[in-house]
Every structure is written in C-alpha cells, then in structure tokens.
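Heads up, the thing below is written out as structure tokens.
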Amino acid sequence: IYRGDYIVNWCPVDQTAISDEEVQHEERESKLYWIRYPSPHGEVVVATTRPETMLGDTGVAVSPEDAAKRHLVGKTCTLPIIGRELPIVADAAVQKEFGSGFVKVTPAHDPVDYGIGKRHNLATVVVIDRTGKMTAQAGADFAGLDRFEARAKVIERLEHDGLVVKVEPHRHAVGKHDRCGTVIEPLLSTQWFVKMAPLAEPAVRAAETEAITFYPERWRNVYMSWMTNIRDWCISRQLWWGHRIPVWYCDDCDHLTVSRTDPTRCEGCGGAKIRQDEDVLDTWFSSWLWTFSPLGWPDEDAPDLKRYHPTSVLVTGSEIIFFWVARMIMASLEFMREVPFRHVFLTGIVRDGQGRKMSKSLGNSPDPLDIIDKWGTDAFRFTLSMLSPPGKDVFFDEAKLELGRNFGNKMWQASRLILGAVDKEGKPLFKENANGDFTSTLAFRPEYAWEDRWILSALSRCASDTNRCFEEWRLNEGAARVYDFFWHDFCDWYLELAKVRLYGEGDKRTVLAVMVHVLGESLKLMHPLMPYITEEIASALPTSNGRLLLEHAYPQGDGRALDAEAEGRMTVLRDVVTSVRNVRAAYRVNPGLKIPVRVRAHEPKASLVREATDGIVRLAGVATLEVGPDVAKEKGSAATPIGDLEVVIPLAGVVDVEAERARLTREREKVDAELSEVARKLANEGFVAKAKPEVVERERARRERLETELSKLVESLGLLGH
RNA sequence: GGGCGAAUAGCUCAGUUGGUAGAGCGUCUGCCUUACACGCAGAAGGUCACAGGUUCGAGCCCUGUUUCGCCCACCA
C-alpha cells in the first residue's frame, strides 16, 4: 500500500475519488474540436474533445514517428486565451494518425497527459477544482464557471478569435460514476493505492491450475483478462461513512504512524501533535477480506477459520467478478496463503421486463416480501431456479411465478391424497383390507405390482439424473427433471393407477408403502428448491421420525430399482390408454360413458396388456377389455395401430364413417412420411456402412414398426369401404 | 477498438458426447371424474436468423453475414 499524487477518477458531485471499477463507460456522440495554437515555426493545430482543459495546457506533443512535424519538436507555440508559451515535445503516447497529430497536454486533468508531463518535465496547472468548477488559474473570465459552461465559453472565444479550424462529430466513451451518473473528472490528487501486480500473480495461477474453477467456464476468461491487465487500486475515499484509514500524520516530523489502536503520540518523534487521516477506505477494501475476517482472522487458530476456510462454492453474479470475486481471491491468497473457495458459480442477473438490471435507483425492482406474500417463498425460489439456465440473465415477469405456485399446489394436493389414506403410523385410514390387517406399512414387506416397480425405477432415474444436473451446475435442468417426474410420472400416472388398489378391495399396504416412499423421496429431491413446503409435508409423513429433510442424505438414485421390464409394461399401458382417450376425444364420447375396448395382440404382448387390465379400465374409461390375436375388428369401429398391436373400439352409431376415414387417412399420411424418411436413410449406403450399428438397428426396427402400422391402417381403411 | 453472449412453436425459453425437435404459458375441444379448475383429458402449432462448409447424417461442429444485448478499453 502506498500513498502518492496521481490522476484519479474524481466525482465532482460526491467529491470523492473512486476506483476504475466504479467508472461506467458510456458511448456518446460528441465533437472533436480542431484548434490552432499560433506558432512562428509552422502550423500547430491540436484536436480535442475537451476544449475547457486547454486553459491548463503546459505543452503540445507529437508522435516521434511523425516526420512531417519533427521540425517543430523543441520549438514552442502559444496557448490561446491564456497566452502561455508551450513547448512542443515528441512522445510515444501520441498516434500520428489520429486527429491532427498534435495533442494538447494537460497534465493536471488527463491520465495520458500526466504521463507525458512527467516524461518531459512539464508544469501542472490545475484549472478545474473538486466541485467541477474552473479555478482562478483558468483566468478571470472563466473562474467559477462549471466545466461544461466553460467548454462552451472557450469555444465561443476561440471562434471569435478565428482559431477554431473545424469541428467534427466524434463518437467516444465518457466515464460516469456508477452511483450517481456524474461525468468523471480525472483529477490530480493525493490518495492511497494498493499495488496490485504482486497480488494478481498468484490469483492468476490459482485459475490456471484450476485450484479455482468457474461455471460457466467462459467467466474464467473475463477474470483472467482483468487480472492480467490489472492496475493499482485507489482505496481512499473522501466519504463520511466507512472504515477510517488507520494512519496518523505528525505536525512535527514526516513520520506516518500506522496503528490498529488509536495512538496518542507520533511513533517517530514522540510528539503529541498527530492527526488521523480524514479519509475512509473503499467499501470493497473490507469486503475482500470477507471469506476469512468473519471467521476469527487474524487469529489463525480460530476454530471457525480452521473449519470453514476455504469453502467450497461461491455463488454470485458476474457483475461483481472484479469488485469482489477477484479481490477475495487475491486477499485470501495473500493473507491466508490458500484459495478462499474452490468453485465460483455465476448466476444470471434478474432483469425487468425491458431487460434492465433491477436497481434501487431505477425503482424497477419489486419488493421480494410483497412477491412472497402473494406467491409464496417456495414458488418464488423454485420458479427462478427452474427458469435460470447457468449464467444466463432472466427477464423477470411476475406471471412466471404461476409455474412455481402451481407446482407447490400440486405437491400439496398429491400429499393430501396420500396422507388422507395413511395415518402417522403408516396404517391405512379407510376401507379395511381383505384380511382385515391394519398393521403398519412401515414394517411390512411389500409385494410390488409391476406399476410399483415402474415408479420406483422412474424415481431412481430421476434421482440420478437430478444429481448429475446439480453436479454439472445445471440447476434449472435438475429442477425441471424433478418437476416432470413428480407431476407427470408420479401424479398423472402412478397415483391414478394406485387408485385401483386404494379404492378397491384387497390389501392396500403395498400401494400405501410405495406412495409414501416415493412422495418422501420426491420431497427430499425437491427440498433444496422448495424448502418450506417440503419440510411441512414431510413432517406429516409416517416415515418422518421427527427428523427434518435437511438432515437426510440427498437421494442418489438406487440403481437396483431400475426395472426395464416394468418400464416396458408401462409403455404398453400408456400407449393403449392414450389411444383410447384419443378416440374418445375425437368422437366426443361422453366422459362418463364406459366403452368396450379390444386389443389385438399376440403373445407375449397380449399377456402384458391383460395384466394391466385394471389400470387401463380405470384410466381410459373402459367397460370391457378383450385381448387376443383374433379379436373382432368390424366395420363401425375405430382402430389405432401401435406397433404390432392394435386398439379397436367398436362404436356402432358413434363412429362416423367419413370422419373415421379422414382420421385414418391423416394417420396414414403421417406414417407414410415417416416411413419414407426412414427408408431414405436405410437406402443410403453411407449411412448403413458408417453410422453406429445401434443407430442403424434402431432405424430398422423403426421401419418395421411403421410398416406394421401402415398395413393395419390400410386394412382398416379397406374395412370402411370406398 | 477488443471480447463475450443471444437469435428454436403466438409469447417466455430448455435442448453438453451430431442420430426421429421439447417445456411452461397462450390458443382450440371436451370435462367441477370422491388430491388438485393453481386441475384432468385430447388437439393444433416449428425450412431451429441467413449463406456456405465438414459429415452417411447438423438446432448442435467450422467459416462468413445480419440483428439485438452485455463486458472491457488512457486514439486525445
């Protein structure tokens, strides 16, 4: 840390120095003024965007490469208005192609000029003060004017004097203070700085060696480019609020006393006439210590520090990579000699409907407490999780919260169904089972039906998929995966199938045990995304044992539960049920009306369908289900092929021949199109020779299935007559 | 000036080893079916920005273009 006089970013409104990171650049249409500085040695015309600063010029510079102007180097010209003689120097900071090739040099008000002034021993003349007004040095006509008023007045005077050669439009970026929007004034002043290069070096290495990793990875490059182009950090602020700089100056000697406790005497000469620095530290200068300073540091043996440092993940927004993330890494490596965290996960930024970042000053941010009152904490949390792909900004729209609210409601309702059927001890709450056994489902060894094996298999897949998503930082996909499983697999299919046993005769213990188990595991999977509702429901489950979900291990997915056979059965049931529902909807069959259904199928598929009869009957509104290879398919029935089986629904008087022909024709066109696509692929020798065998095999199977379906459709159409 | 991201169904967006385009909302058709109308069932809707290239095969890989957005930057 050092103190010195340098050009800093100065905010004339807040009247403080700020760091480079607090300057927001904004492209603007501006003007480039070409101004003649009279000289007896030749034409000198400078080009500038800030004419008001010329009042503080102490030189003119040209490029050392600029042969046409070389003869002027070492000569002088006259500064208009003021009348000061200005030396003409050659400096590598000047580009000969830009503007006129002459640069006016104002060491007190421009960082580049400051460098030129240093190298050529030019004087510094301060013409703008800390409030952005012109000083006495700017001359009596300008002193006290605002810097922008002065600009206009300078040009006015120069035009009057015939010294403005031309004015051209010029697009360039101006720096603004990120807090108040005031145009930054580069100002020469005495400030404290941190020398950054030595701190950046290990921080660069930490990212290179992947001691710290970034998600999504591209942010690593952002971090790296900042780190490798780092500049010293101005940490003193002329503000009221903050950590006051712990340095005392002595009126009697030059010594600086630096102390953690307030001293009464100068450390150098022992004198009592000391006064503390008036300035405070940049707020980030304390924030960069955050990963260790709250844990007991600088006591390196503090238990919390030993236990919790370094931590695993920092979750934050990309907008503060420089302000905070990068600096925490540097501070930790410097003071703790280890990384502060191993992974940096950058979330997207939540923006308003117009894409603007939510901010207090814009007033475009809804009050989270209002949102939570209206929609619920979990709904808010879940919706944002599911709608936020890694590192991508989210356009927030309150209506989107319906997604989370509805899902929360779905969980609640499904739980009502289940908890209405089983008591706290796991005993069935209604309808005696066949043998009158009321023993708990908990200690019971269940005898799984195939649909139980299916949902357990699906649960296992969901858990392992979800884990993988989370491990790969794809939280949105993890959320979507659980959402889909719970709503569509568990609620739409399993619970509906479960009602066959739940509301029917017979032993209910197996189905209750499975429902409770799958609900409980789903709650665990959902818990990080919907902590409140899941704990609430879980506490009522017979399996809770008074423990919080928070205390349980996260489900990993039990590979032993995977059951391809049961999944195959489910596919058949789904296909049959869907095709029946399809026909019912197409012919507006009264939803309350149970209809006869026949399924044409050969063994072993026929048995599969027979064994799923109860489910098909309940889910598709079926009166009677006939299954076999030769079930009748007469005129006046609707027939839908599903691979090698066919769902036939006799609907005498309901099926309109023309409508059915249209339906089947449309279906045939679809199958035809798909079939020719597959045929084209398989006819391609390159495909058969070079594609992976399993891909080719899949296409062949697909062709076979489509051909079967097509022949059935043709048969059905023939049955309808022409 | 440099870098990064985006462009997919009417809307908001998913889609990581290149192999039959998905969700939510909205729309249309039926349903208040004893967990849920914040719901159930069914349906329609897409030359995946444009132009080339690689490949048997491209939303996905490569090159270029256009349009948006963000970050960085001392050409005055």
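Quick note on labels: first sequence line is chain A, next is B, and so on, each numbered from 1. Just so it is clear, the model here is predicted, and its values are computed rather than measured. Atoms considered below: every heavy atom in the structure, side chains included; atoms not considered: hydrogens, waters and symmetry mates.
Nucleotide B:rG1 forms a Watson-Crick or G-U wobble pair with B:rC72, both donor-acceptor distances falling under 3.5 Å. With a cut-off of 3.5 Å on both Watson-Crick or G-U wobble distances, the partner of B:rG42 is given as B:rC28. Pairing of B:rU47, defined by two Watson-Crick or G-U wobble distances under 3.5 Å, is not identified with any nucleotide.
Under a 3.5 Å cut-off, the side chain of A:His172 and the backbone N or O of A:Ser30 do not form any donor-acceptor pair. Without hydrogens or angle criteria, A:Ser225 side chain to A:Val222 main chain gives a donor-acceptor distance under 3.5 Å. Panel note: side chain A:Asp378, backbone A:Tyr532; a donor-acceptor pair is recorded below 3.5 Å. A distance-only check finds a donor-acceptor pair linking the side chain of A:Glu709 to the backbone of A:Gly643 [under 3.5 Å].
As rounded to the nearest Å, B:rU20 and B:rG46 have C1' atoms that lie 15 Å from one another. On the C1' atoms, B:rA23 is 13 Å away from B:rU8, given to the nearest whole Å. Look at the P atom in both B:rU27 and B:rG10: the space between them is 15 Å, to the nearest Å. The separation of B:rC62 from B:rU16, taken at their P atoms, amounts to 14 Å, rounded to a whole angstrom. Taking atom C1' in both B:rG59 and B:rG1, the straight-line distance is 33 Å, to the nearest Å. Rounded to whole Å, the C1' atom of B:rA7 lies 15 Å from the corresponding atom of B:rC60. Here, B:rC71 and B:rU65 have their C1' atoms 23 Å apart, quoted to the whole Å. Spacing between B:rU67 and B:rG24 at atom C1', rounded to whole Å, works out to 27 Å.
One interatomic measurement links the two molecules: CZ of A:Arg28 to C1' of B:rA76, which rounds to 17 Å at whole-angstrom precision. Taking atom CD of residue A:Glu697 and atom P of nucleotide B:rG19, one finds them 18 Å apart after rounding to whole Å. In this entry the distance linking CE of A:Met386 with C1' of B:rU12 reads 12 Å, nearest Å. Distance CG (A:Asp91) to P (B:rC74): 17 Å, rounded to an integer number of Å. Atom pair A:Glu26:CD and B:rC71:P shows a separation of 11 Å (rounding to whole Å applied). Counting to the nearest Å, the C1' atom of B:rA76 and the CG atom of A:Leu32 are 8 Å from each other. Going from atom CD of A:Glu27 over to atom P of B:rC75 covers 11 Å, rounded to whole Å. Atom P of nucleotide B:rU16 and atom CG of A:Asn476 are separated by 11 Å, given to the nearest angstrom.
Looking at A:Leu417 and A:Gln413, their side chains never come closer than 4.5 Å, going by heavy atoms from C-beta outward.
Relative to the side chain of A:Lys690, the nucleotides B:rC74, B:rC56, B:rU12 differ in distance, and B:rC56 lies closest. Distance from the side chain of A:Lys692 is smallest for B:rG19 among the nucleotides B:rA76, B:rC74, B:rG19. Out of B:rU16, B:rA76, B:rU29, the shortest distance to the side chain of A:Phe98 is found at B:rA76. Of the candidates B:rC72, B:rG19, B:rA76, B:rC72 carries the atom nearest the A:Phe322 side chain, counting heavy atoms from C-beta on. Across B:rU20, B:rC31, B:rC56, the shortest atom-to-atom separation from the side chain of A:Ala691 is found for B:rC56. In this structure, the nucleotide among B:rG19, B:rA35, B:rA76 sitting nearest to the side chain of A:Tyr503 is B:rA35.
An OP1 or OP2 oxygen of B:rA76 is reached within less than 4.0 angstrom by a side-chain nitrogen or oxygen of A:His170. Contact check, A:Arg231 against B:rC74: a side-chain N or O comes under 4.0 Å of OP1 or OP2. Considering only side-chain N and O atoms, A:Lys392 lies under 4.0 angstrom from the phosphate OP1 or OP2 of B:rA14. Distances shorter than 4.0 Å separate none of the side-chain N or O atoms of A:Tyr223 from OP1 or OP2 on B:rC4.
Taking a cutoff of 4.0 Å between a charged side-chain nitrogen and a carboxylate oxygen, A:Glu496 and A:Lys499 qualify as a salt bridge. Note on A:Arg666 versus A:Glu669: no salt bridge recorded, every NZ/NE/NH1/NH2 to OD/OE distance being 4.0 Å or above. A salt bridge links A:Arg50 with A:Glu185: the closest approach of a Lys/Arg side-chain nitrogen to an acidic carboxylate oxygen falls below 4.0 angstrom.
No contact: A:Val222 has no heavy atom under 4.0 Å from any strand. Counting any heavy atom pair closer than 4.0 Å across all strands shown, A:Arg584 reaches no nucleic acid atom. Nucleic acid contact for A:Glu674: base, since at least one base atom lies under 4.0 Å from a heavy atom of the residue. Looking at heavy-atom distances under 4.0 Å, A:Ala480 makes no contact with the nucleic acid at all. Using a 4.0 Å heavy-atom distance criterion, A:Pro389 is classed as a sugar-phosphate-only contact. Note on A:Arg50: nothing from the nucleic acid sits closer than 4.0 angstrom, heavy atoms only.
The cationic atom of A:Arg218 (NZ for Lys, CZ for Arg) does not lie both less than 6.0 Å from the six-membered ring centre of A:Trp473 and within 45° of the ring axis.
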Summary of protein contacts for nucleotides 36-48 of chain B, nucleotide by nucleotide, where a base hit scores B, a sugar-phosphate-only hit scores S (4.0 Å, heavy atoms): B-BSSSSSS----
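Judged by closest nucleotide on RNA chain B, A:Gln24 is the one of A:Asp113 and A:Gln24 placed further toward the 5' end. In terms of position on RNA chain B, the residue among A:Leu417 and A:Val589 whose nearest nucleotide sits closer to the 5' end is A:Val589.
Applying the side chain to side chain donor-acceptor pair (under 3.5 Å) test to A:Asp484 and every residue at least two apart in sequence or in another chain returns A:His488.
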